[in-house]
Amino acid sequence: MRPAVTICRDGDDLAARAADLIVRAAQAAIRARGRATLALAGGSTPKATYGLLAQPARRGRIEWARTYLFFGDERFVRPDDPSSNFAMVQRTLLAPARVPGGQAFPVPTQLATAAAAAAAYAATLAKAFGIGQAGGPPRFDLILLGLGEDGHTASLFPGAAALSVTDRWVTASPPGTLPPPVERITLTFPVLNAARGVLFLVSGANKADALRDVVEGQPTREQRPAAWVRPVDGTLTWLVDEAAASRLTRSG
Ligand code: 6PG
């Protein structure tokens, strides 16, 4: 069954809708459970959304002291490297929104190996969610994801061994075919599919083929990993712009 896809006019419309959905999800989580746990997407698409969240119109609507920010994936680079997802979130959201220190949990990419960083991040999640690593995956209130033009999401790349990791919440992955050519650390499918909500943000004509395959086709997990994001007991929302939606079958 085709997931719910909202076609936005352009990148700005997509960013505004995404920011409002994130605010509402955080508010609902805090009302229901006293805190909100969000996993942020990297790359370039979410930058505009993070920027809007940092502006006064929305910044004041999120109780940042009860909102905990994690990363769906990270590049295995120094935290101050321009390609670091943490550096991008720090620049676009954490600093301008004056999010209190201790609310964001970066992947410890200063460790010696990507595998060590992945293991350490899993321990961070276990502590933050108050569960043992032998237990069920952490259940994020909202996970933000992007879509690569090859159909990857987070750092779950086509044909990668990470796609079949089901006994760990976080794993390391060699570089995909898309830049930057660095090792990655990524949440695994069990965590993505345990979320209460998953929100994909997809912008640009270069994503049109992958998006059509994922939301309308029958690709294998190896071909289009994003098609395997199917929350077991959660919502799945696609916010896409007209350019990315250009190959979709428009329902009449
Ligand atoms: C990353 C992201 C990755 C991203 C897609 C889309 O670390 O690169 O987590 O999964 O969401 O590659 O990237 P763009 O938004 O830059 O197109």
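Whatever order the structure lists ligands and atoms in, that order sets their numbers, starting from 1.
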(request) Check whether the side chains of T186 and D73 place a donor and an acceptor atom closer than 3.5 Å, and report yes or no. (result) no
(request) Quick one: look up the protein heavy atom nearest atom 5 (C) of ligand 1 and list residue, atom name and how far away it is. (result) H152 NE2, 3.5 Å
(message) Do the side chains of D150 and R224 get close enough for a salt bridge, i.e. N-O under 4.0 angstrom?
(response) no
(request) Please state which part of K207 comes within less than 4.0 Å of ligand 1, counting heavy atoms only: side chain, backbone, both or neither. (result) side chain
(request) Starting from atom 8 (O) of ligand 1, locate the nearest protein heavy atom and write down its residue, its atom name and how far away it is, to 0.1 Å. (result) R75 NH2, 2.8 Å
(request) Considering only NZ, NE, NH1 and NH2 on the basic side and carboxylate oxygens on the acidic side, decide whether R17 and D13 come within less than 4.0 Å. (result) yes
(message) When you measure from the heavy atoms of A154 to every atom of ligand 1, does any distance fall below 4.0 Å?
(response) yes
(request) Answer side chain, backbone, both or neither: which part of L145 comes under 4.0 Å from ligand 1, heavy atoms only. (result) neither
(message) With a 4.0 Å cut-off on N to O distance, would you call D81 and R75 a salt bridge?
(response) no
(request) May I ask you to identify, for D73, whether its side chain, its backbone, both or neither come under 4.0 Å of ligand 1 on a heavy-atom basis? (result) side chain
(request) Run the numbers for me: atoms of ligand 1, each under 4.0 Å from some heavy atom of G146, listed by number. (result) 11 (O)
(request) Let me know which of R35, R31, R33, R66 forms a salt bridge (charged side-chain N to carboxylate O under 4.0 Å, His left out) with D141. (result) R33
(message) For ligand 1 and S44, I'd like to know whether there is a polar contact (N/O to N/O, distance under 3.5 Å).
(response) yes
(request) May I ask you to identify, for E149, whether its side chain, its backbone, both or neither come under 4.0 Å of ligand 1 on a heavy-atom basis? (result) neither
(request) Sorted by first residue and then second, give each ring pair (Phe, Tyr, Trp, His ring centres under 6.0 Å) pair with at least one member in residues 122-146; sequence neighbours left out. (result) F70-F129, F70-F140, F129-F140
(message) Quick test: of every protein heavy atom, which one is nearest to atom 15 (O) of ligand 1, and how far off is it to 0.1 Å?
(response) T45 OG1, 2.6 Å
(request) Give a yes or no on whether a salt bridge exists between R247 and D213, defined as a side-chain N under 4.0 angstrom from a carboxylate O. (result) no
(request) State the atoms of ligand 1, each with its element, that fall below the 4.0 Å cut-off from a heavy-atom position in R184. (result) 1 (C), 7 (O), 8 (O)
(message) Connecting only ILVMFWY residues whose side-chain heavy atoms lie within less than 4.5 Å of each other, what is the rest of V182's hydrophobic cluster?
(response) V77
(message) Could you identify the single nearest non-hydrogen protein atom to atom 6 (C) of ligand 1 and state the distance to 0.1 Å?
(response) L147 O, 3.5 Å
